[in-house]
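When reading the values below, keep in mind they use all heavy atoms of this one structure, side chains included, and skip hydrogens, waters and symmetry mates. Each chain gets a letter, A, B and so on, in the order the sequences are listed, and its residues count up from 1.
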There are 2 protein chains.
Amino acid sequence: MPHAKQTLNIGHLLQACKECSLAELCLPRGLSEAEVEELGKVVSRQVTLQPGETLFRPGDRCNMIYAVRSGSMKSFRLTEDGGVQILGFHLPGELFGLDGLDTHLHHCEAVALETTRICELSIDELEKLCCTHVALHHEILRVIGREISAEHELLLLLGKKRAEERLAAFLISLCKRFCQRGGSGEKINLPMTRQDIGNYLGLAIETVSRLFARFQEQKLITVQRRQVWIHDTERLGEMAGLDG
Amino acid sequence: MPHAKQTLNIGHLLQACKECSLAELCLPRGLSEAEVEELGKVVSRQVTLQPGETLFRPGDRCNMIYAVRSGSMKSFRLTEDGGVQILGFHLPGELFGLDGLDTHLHHCEAVALETTRICELSIDELEKLCCTHVALHHEILRVIGREISAEHELLLLLGKKRAEERLAAFLISLCKRFCQRGGSGEKINLPMTRQDIGNYLGLAIETVSRLFARFQEQKLITVQRRQVWIHDTERLGEMAGLDG
DNA sequence: CCGATAGCTTGATCCATATCAATGACTTGT
DNA sequence: ACAAGTCATTGATATGGATCAAGCTATCGG
């Protein structure tokens with residue numbers, strides 16, 4: 001897969017943060033109108049990726065953080081023997097690319113799951129802006145904190161939960177996130193393959209498939225390929241051991 | 001275990017960052033002398049914990065980040081059913097407590113493994129200082145980046161590695177970190193129990209014990225209770241799948 | 001010095017999940 | 001409409017590490 005990026009930088013950016021419907025989920029949350037306008041200027045460009053295209057890979061210079069405008073991404077780390085561990089899936093309004101803040105080089109790879117639009121934000125510019133806008137500084141720390149929390153959650157899941165609990169937690173998490181983005185909470189359209197789900201949860205693809213079947217038998221969900229209807233959030237939550 | 005803290009704030013802090021021998025491992029790395037002096041003022045106090053004492057627990061207000069002055073800590077997350085997942089061990093010069101940056105409440109608990117001195121740094125003060133000292137701002141981002149990288153590493157380990165690889169990676173990582181702190185790299189004194197190691201690595205205590213025995217048979221290490229001599233870093237590294 | 005306790009080791013058995021193997025269901029291109 | 005490829009399901013079998021059980025070894029208080 002080539003390291004392809006397709007830039008859609010038509011003169012001025014057509015849609016900066018000010019007009020973006022995702023503002024409340026993304027960095028602008030809680031900023032004043034003037035601050036959001038400033039933030040919009042930091043969006044250096046927007047990029048569109050086709051399914052399977054790579055945004056960055058290990059060793060790439062890390063000057064930007066990225067926000068999903070539409071579509072979805074996965075980021076994953078590689079072992080030297082060709083193994084993969086998916087670290088997260090990124091939905092519209094979510095930020096990613098914070099790894100590599102230490103060495104200024106990315107350690108992981110980010111790939112589009114579907115046709116995906118990305119906003120690129122210059123880290124340097126953001127940093128400067130933080131000095132004059134305290135609210136933005138706080139927002140950025142909040143985003144970082146959320147990232148760290150999410151990773152702790154996943155560590156708990158991989159280290160301590162059984163297969164059933166893992167998948168339940170995964171479904172609940174996705175469901176919540178799609179709800180925040182205007183989904184009904186009834187139906188989810190999975191942007192990732194079973195392979196991706198299994199990899200992320202530390203399970204074999206067959207195990208994921210069997211669990212989907214079992215959850216369906218138990219009337220918790222209905223599965224049809226990538227479409228999942230959630231019938232019993234309550235019980236799924238209990239299975240997941242809640243706090244996910 | 002009571003939520004005990006014993007403050008050693010004798011008038012002025014006896015030893016701020018300027019005189020600290022760990023400076024090069026901790027936040028002051030790469031700062032000018034004047035900046036280090038400023039940073040020292042942000043260390044609001046130093047705390048000494050006895051083995052098993054808690055520094056913070058889930059739900060506690062998160063205003064500080066912490067640096068280990070001497071001794072060692074573990075931080076872990078709890079499941080609602082009483083389960084534990086250790087998220088990390090913290091050695092002298094390392095910073096921790098970055099979880100909770102999002103909600104300003106800690107999600108995890110931090111406990112001393114031995115008698116441990118901690119420097120507390122006010123997040124608000126640090127934030128202010130960042131605006132006037134770019135180098136400090138970069139340092140903080142570096143520390144955050146390192147935290148995120150370390151967590152990705154652990155995710156890879158828990159998700160994809162076999163028991164043997166996990167323990168090898170763990171030993172290599174500890175060895176490196178003790179070396180940076182002036183250790184010989186020959187001998188490690190483990191500050192944590194087998195229970196802790198197993199929990200951290202997602203293994204049963206018995207498995208850890210058996211692996212130690214096997215590594216010893218293979219002449220890779222010598223184990224005597226909490227003392228470990230590393231004989232063959234090379235091969236351990238290979239077993240770990242390197243990049244740990 | 002002795003008993004109690006916490007931490008560790010070692011052996012025997014079991015089980016959750018991986019792995020192997022085959023088939024089915026969409027999707028895409030010709 | 002068919003061939004080929006990718007993705008998903010389902011069944012049979014294997015296994016790495018958990019769990020259960022017993023004993024060992026420092027350490028500490030009295």
Side-chain angles (χ1 to χ4, degrees), chain A residues 1 50-52 74 83-86 111 113-115 157-171 188-218 221-228 239 241, chain B residues 1 50-52 74 81-86 111 113-115 157-171 188-218 221-228 239 241:
Chain A
M1 192 65 55
Q50 295 309 312
K74 64 177 171 183
V84 168
Q85 174 64 45
I86 294 181
V111 166
L113 294 172
E114 50 194 319
T115 301
L157 183 143
L158 288 177
K160 291 286 150 328
K161 300 199 175 182
R162 284 167 317 102
E164 181 183 276
E165 302 177 290
R166 295 185 194 189
L167 189 63
F170 175 71
L171 288 172
I188 293 176
N189 232 312
L190 300 175
M192 71 292 282
T193 64
R194 299 285 191 271
Q195 191 66 255
D196 285 336
I197 297 173
N199 185 290
Y200 178 65
L201 298 176
L203 300 173
I205 175 175
E206 295 95 330
T207 305
V208 174
S209 199
R210 275 185 257 268
L211 284 171
F212 269 129
R214 202 163 89 207
F215 285 0
Q216 184 159 250
E217 275 168 36
Q218 297 171 170
I221 62 177
T222 302
V223 193
Q224 250 177 56
R225 242 176 125 58
R226 300 273 182 105
Q227 294 176 96
V228 180
M239 287 178 93
Chain B
M1 192 69 51
Q50 295 309 311
K74 63 176 171 183
D81 58 9
V84 168
Q85 173 66 45
I86 295 180
V111 167
L113 294 172
E114 50 195 320
T115 301
L157 183 144
L158 288 177
K160 290 285 150 330
K161 299 199 174 181
R162 285 166 318 99
E164 180 183 276
E165 302 177 291
R166 295 185 195 190
L167 189 62
F170 176 71
L171 288 173
I188 293 177
N189 232 311
L190 300 174
M192 71 292 282
T193 65
R194 299 285 191 271
Q195 191 66 254
D196 285 336
I197 298 173
N199 185 289
Y200 178 65
L201 298 176
L203 301 173
I205 174 175
E206 294 94 330
T207 304
V208 174
S209 198
R210 274 185 258 267
L211 284 171
F212 270 130
R214 204 164 87 205
F215 285 180
Q216 183 158 250
E217 275 169 35
Q218 299 172 170
I221 61 175
T222 303
V223 193
Q224 249 178 57
R225 245 178 121 57
R226 301 270 183 108
Q227 295 176 96
V228 180
M239 289 178 91

N199(B) CG to dG7(C) P, in whole Å, measures 14 Å
Separation between CG (L190(A)) and CZ (R225(A)), nearest 0.5 Å, reads 11.0 Å
Under 4.0 Å between any heavy atoms, over every strand shown, what does A204(B) touch: base, sugar-phosphate, or nothing? Just pick one. base
| said: By the 4.0 Å heavy-atom rule, please label R210(B) as base, sugar-phosphate, or nothing. | reply: base
Q. Using a cut-off of 4.0 Å on non-hydrogen atoms, how would the nucleic acid contact of G202(B) be classed: base, sugar-phosphate, or nothing?
A. sugar-phosphate
With distance as the sole criterion, do the side chain of E206(A) and the base of dC20(C) form a donor-acceptor contact below 3.5 Å?
yes
- prompt: Any side-chain N or O of R194(A) less than 4.0 Å from the OP1 or OP2 oxygen of dT9(D)?
  reply: yes
Considering every strand and a 4.0 Å limit on heavy-atom distances, what is the contact class for S209(A): base, sugar-phosphate, or nothing? base
- Query: OP1, OP2 of dG17(D) versus side-chain N and O of T207(B): anything below 4.0 Å?
  - Reply: no
Inset, instruction - Classify the nucleic acid contact of R226(B) as base, sugar-phosphate or nothing, counting any heavy atom under 4.0 Å across all strands shown. - result: sugar-phosphate
Under 3.5 Å, which donor-acceptor pairs do the side chains of residues 198-215 of chain A form with other protein atoms, sequence neighbours left out?
{"residue": "N199(A)", "atom": "OD1", "partner": "I86(A)", "partner atom": "N", "Å": "2.8"}
{"residue": "N199(A)", "atom": "ND2", "partner": "V84(A)", "partner atom": "O", "Å": "2.9"}
{"residue": "R214(A)", "atom": "NH2", "partner": "E164(A)", "partner atom": "OE1", "Å": "2.4"}

When rounded to the nearest 0.5 Å, the distance separating CD1 of I221(A) from CD of Q216(A) is 6.5 Å
